[in-house]
Structures are given as structure tokens and as C-alpha cells.
Amino acid sequence: MFRNVPEGAPVLTAAAMRAAEERAMAAGSSVTELMERAGTGVAEWVHRLAAGSEVLILCGPGNNGGDGYVAARVLASRGVPVRVAALGEPKTEAAAAARAAWGGGVEALTDATEPAPVLVDALFGTGLARALDPELADIVNALVVQAGLSIAVDLPSGAETDGGGSFGAALAAFDVTLALGALKPAHLLQPVAQQCGAVRLVEIGLGESETPVRTLARPRLAMPGPDAHKYSRGMVAVVSGPMHGASELAARAAYRAGAGYVLLLTGGLPSPPHAIVRQRWSAEALDDKRIGAVVIGPGLGRNDRAREKLDAALASDRPLVIDGDALHLLDLATLKDRAAPVVLTPHAGEFDALFGKGQGSKIERALDAAARSGAVVVFKGADTVIARPDGWANIAPLGSPWLSVAGTGDVLAGAIAAMLAQESWDPLRAASNGVWLHGQAARLLDRCFLADELADALPQAYERAR
């Protein structure tokens, strides 16, 4: 899923990538060997995708350009027609050696106005810290747009590796990006992630990274055993407010995500599905030790009555999923002393209201928020980051754009609560599993769906997580 971004894969910042390369060289690899592996891996993918069409490779002055020269040499040795256009002479010893080994003609990039069916961008990769010259960006954009297939080496040139933004004007979207050695934040964070197209990982011999930041992995959810009963499968309580529909959606989603018992604390009238147990709100209702997770926030309102309900939920010893309106009422100081886990699920506006706009990438902001609150933070969006206070995080890239409809956040809160009721010992895992199910359900529905339908698609998503 997620446009074939590898699941559970390490995500390295520019600095972490440099450190990984240094470790590889300390273990015996040279820059030239790493470049040879990278360029050969790029050539393998281009050869597979180009199907014999002419390839134009744009080479920069650094080691990313060196990877391009290696790819050009390997492709030419396999009979693929290759042109190379360079942005000046190589500035590193390894890149200069790669250009010499290529041995073919090299056009000046500023003169490379003749498009090719396949365009490979090997201008700048990880670690770029400045905008492309506007004239250069215009040339590259024109070549990308006119190509039948466009491939970026490591990252589209002009991308900010760690933040997922672009320096200056962004390049046109690529069809494929070949991540060298490891995924980078920009492969997963918007807006550059959309520009990367399908992401493929090219191994270059760096070994396994111990980074605590990884892509979201498909969960392995077990079927209920023969001794299962409604409480062993997890009891979820949902606190309602004036907008009953939101809490109804969360309750429905909790059932559809596998909870065995759902209690809706509401003042509303009974309505289908009748499997949801409805009870008038009282703080004492949260004293039931069978409750594995409480959802509060969807449709809660922001008045004094809503604040009283939130205070009661915080005073309980039950695991909490705090969403929607409750995030606007929450005082972070109240979370620090809670023994039971808390999962916060803000979208961007709620995040800014609770934690401030802040600096840094979405990953950095989510990790900072988790450390400050002591909670697992699900920073929602097209690129959702799930962060734990100790620095671990999972990134769910490129969520379905059709989730941009009312009520889908309520469904997510319910799905996470169902997971949390069963796995309160590991709230990061519970939140990550809920996010995965939510995203998979959206993909199964494809487009133009209601939040109600999203909740009802969760069992199909669950089946794919077995």
C-alpha cells in the first residue's frame, strides 16, 4: 500500500544518512563502491521501466551526479540508448571518476532542450540546502513534463530532505523516485511525497539502521480465539456531546475495528445499530474496570459541560483517545501524571491550537508534542505521523485524498480505541494499527464515500491485516 513505499522501513534524515555511509566506509566500503552500487541499482530500475526507450540522464556536480554517470555506463553496456546532460564538471573525486568511466558524450544541461522518452534526474539528492536556479528549474520541468517516464534519483532535485518541502519553485511531479540506501522524510512528507510518485528502495549496502523512525507497517491482527468473549475482545466507551452523529460514528467504528462491546455515553435517543449499548452520561460510568479505552472529543462541544466530561475522563484510570473538541479544551499538564496511556489525534489546526505552530518537520513536531504531553500523538493529514514520547515514530504516507470528508476523523478515533482496548500496553502499536486500518478502508472504498461507509469498510481492512 501507500504507492509501494516499503512497510516498516527505516527513515533517515540527511545527517543520519551521512552517518550510515560513514559507518559503511569504516566497515570497508569506499565512496566509489557505494556510488557503483547506487548507480547500478538505478540502472536496473531504469532498464526495467524504460523498455528499451532512449534515456536522458541529468547529472549534477556532486555524488548524486556520479550515481547518474554510473547508471549511464551500465545502461549503455546493455544496449540502451543513453544521453547525458551535466550541470558543469564533477566536484568530487568519485563523481569525476564515474564521469571518466562513462566515456560517452556529455551535453551542457542548459543546452539539453531536446526531450527524451525517459528522463532521469540525478542532479541533486540528499542534503541539498538551497533553491535551484529558476532557469535550471524551468529546463528540468520542461524535460520532465515532456518525458513519457520521469525518474528521480534519491529525491527530486530541489527537495528538502528532512522537512518534505521544496527550496524555491518545486519541480514537476515524477513518476518514480529511487531512494538510495534508505527512505528519507521527504519521500513521505507532503508536499514533496506527492512529487516523488512511486517510491522504490535501492539497496547500496548500508546495513540495517537502528533509527526509531519508520514507515507504518501492515499489522498482524489475530482472529478471536475459541475462548474469546465480548470483554476479552475489548470494551470501548465513547463520551458523546451535542453533535451525536460524531460519537455514533466513533462507536460504530470501534465495533467494526474489532471491539467486543461498545458503550455510548449519551443523552440522545436509541438508534441503530442496537448493538451499541447506550447509557446516559455520568462520570461514574467510567469506573467500570472492564472498559479498555475511552473515546472523548467527537461532537463533544467546547462549553462548560464538555469540559466537565473531559475532566472526568482525565480523572479516570482508563486509557484515553482524545480527539476533536476535547483537544481544544485539554490542558497538557493534566496528562503528565496519568498512569494509563493517552492517544491524542489532532489534525493540523488542532495540533497548532494545542502545541503551537512550532518549527521543524512534521516528524520533529510530532515527536516534540509527544515528549511534551507524555502521550502518543497521531498528527493526522495526508502524511500522518504517529509519535511516542521516547522518540519512536511511524509515518503513514500519502493517505487517500477522499478522506477529506466530515466524520472520517471520528472513525479513526473509534478504530484506534478498539485497538487500544486490546493493546493498552503498547499505545504506539494500537494507534499505528488503527491508522493502518483506517487508511486501508479508504483505499478499499476508493472514492466519494461517506464516513459511515468508511466505518463499515473496516472489517475488510481487518481481513487484509491477518
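Side-chain atoms of Lys380 come within 3.5 Å of backbone N or O of Thr345 as a donor-acceptor pair. Remark: side-chain polar atoms of Lys184 are paired, donor with acceptor, to backbone N or O of Ala182 under 3.5 angstrom. With hydrogens and angles ignored, the 3.5 Å screen pairs no side-chain donor or acceptor of Gln279 with any backbone N or O of Leu265. Under a 3.5 Å cut-off, the side chain of Gln146 and the backbone N or O of Ala142 do form a donor-acceptor pair. A donor-acceptor pair under 3.5 Å links the side-chain atoms of Tyr255 to the main chain of Ala275, judged by distance alone. Put simply, the side chain of Glu463 never gets that close to the backbone of Pro459: no donor and acceptor are under 3.5 Å apart. Proximity of a side-chain donor or acceptor of Arg256 to a complementary backbone N or O of Asp456 within less than 3.5 Å is not detected. The backbone N or O of Gly66 sits nowhere less than 3.5 Å from a side-chain atom of Asn63 that would complete a donor-acceptor pair. No donor-acceptor pair under 3.5 Å is formed between the side chain of Lys91 and the backbone N or O of Gly60. Glu7 places a side-chain N or O within donor-acceptor distance of the main-chain N or O of Arg218, the cut-off being under 3.5 Å.
By the neighbour-count criterion of 12 heavy atoms within 6.0 Å, atom CG of Asp304 is sparsely surrounded, having that number or fewer from other residues, nucleotides or ligands.
Between Leu420 and Pro427 there is a side-chain heavy-atom pair separated by less than 4.5 Å. Looking only at side-chain heavy atoms (C-beta outward), Leu412 and Val435 come within less than 4.5 Å of each other. The shortest distance between side-chain heavy atoms of Leu286 and Trp281 falls below 4.5 Å. With a 4.5 Å cut-off on side-chain heavy atoms, Phe449 and Leu403 count as touching. Annotation: side chain of Val176 is in contact with side chain of Arg200 (closest heavy-atom distance under 4.5 Å). Within the 4.5 Å cutoff, the side chain of Val378 has heavy atoms near those of the Thr384 side chain. Leu221 places a side-chain heavy atom less than 4.5 Å from the side chain of Leu437. Taking the side chain as every heavy atom from C-beta outward, Asp121 and Phe174 approach each other to under 4.5 Å.
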Exercise. Could you walk me through whether Trp402 and Leu445 pass the side chain to side chain contact (heavy atoms under 4.5 Å, CB included) check?
Worked result: CA-CA 9 Å; Trp402 295 100; Leu445 291 172; over 6 Å; no

Exercise. Yes or no on side chain to side chain contact (heavy atoms under 4.5 Å, CB included) for Ser157 and Leu132, after CA distance, side-chain angles and deciding distance?
Worked result: CA-CA 8 Å; Ser157 292; Leu132 295 185; 4.1 Å; yes

For this session: Applying side chain to side chain contact (heavy atoms under 4.5 Å, CB included), run through Leu344 and Leu354 and close with a yes or a no.
Result: CA-CA 10 Å; Leu344 308 177; Leu354 186 57; 4.2 Å; yes

For this session: Determine, step by step, whether Thr161 and Met17 satisfy the side chain to side chain contact (heavy atoms under 4.5 Å, CB included) criterion, reporting the C-alpha distance in whole Å, the side-chain angles of both residues, the deciding distance to 0.1 Å, and the verdict.
Result: CA-CA 10 Å; Thr161 305; Met17 187 64 188; over 6 Å; no

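One finds the CG atom of Leu330 at 12.5 Å from the CG atom of Asp325 (value rounded to the nearest 0.5 Å). Note that CZ of Arg443 is 10.5 Å distant from NE2 of His438, once rounded to the nearest 0.5 Å. Going from atom NE2 of His244 over to atom CG of Leu264 covers 9.0 Å, rounded to the nearest 0.5 Å. Taken from OG1 in Thr215 to CG in Asn394, the straight-line distance is 8.0 Å, to the nearest 0.5 Å. With rounding to the nearest 0.5 Å, the separation of CZ in Arg338 from CG in Leu314 is 6.0 Å. Note that the OG atom of Ser432 and the CZ atom of Arg388 stand 9.0 Å from one another [nearest 0.5 Å].
In plain terms, the two heavy atoms of Cys196 and Pro156 that are nearest each other are SG-CD, 3.7 Å. Scanning both residues, Leu201 and Gly181, for their nearest heavy atoms gives CD1-C, 4.0 Å. Listed here is the closest heavy atom pair of Ser373 and Leu335: O-CB, 3.4 Å. The shortest non-hydrogen separation linking Pro346 to Phe351 is CB-N, 3.6 Å. Shortest non-hydrogen contact noted between Ser247 and Val239 is CB-O, 4.3 Å. Here the shortest heavy-atom pairing between Ala421 and Gly234 reads CB-CA, 3.8 Å.
Judged purely by distance below 3.5 Å, without hydrogens or angles, the side chains of Asp154 and Thr126 pair a donor atom with an acceptor atom.
In this structure, Asp288 does not pair ionically with Arg318, as no charged nitrogen and carboxylate oxygen lie closer than 4.0 Å. With respect to Asp352 and Arg365, a salt bridge is recorded, a charged nitrogen being found less than 4.0 Å from a carboxylate O. With respect to Glu308 and Arg305, a salt bridge is recorded, a charged nitrogen being found less than 4.0 Å from a carboxylate O. Comment: Arg302 does not engage Glu350 in a salt bridge, judged by the lack of any side-chain N to carboxylate O separation of less than 4.0 angstrom.
Among Asp368, Asp162, Asp383, the one residue that satisfies the salt bridge (charged side-chain N to carboxylate O under 4.0 Å, His left out) test with Lys362 is Asp383. Between His187 and the choices Ile395, Val192, Leu155, the side chain to side chain contact (heavy atoms under 4.5 Å, CB included) rule is met once, by Leu155.
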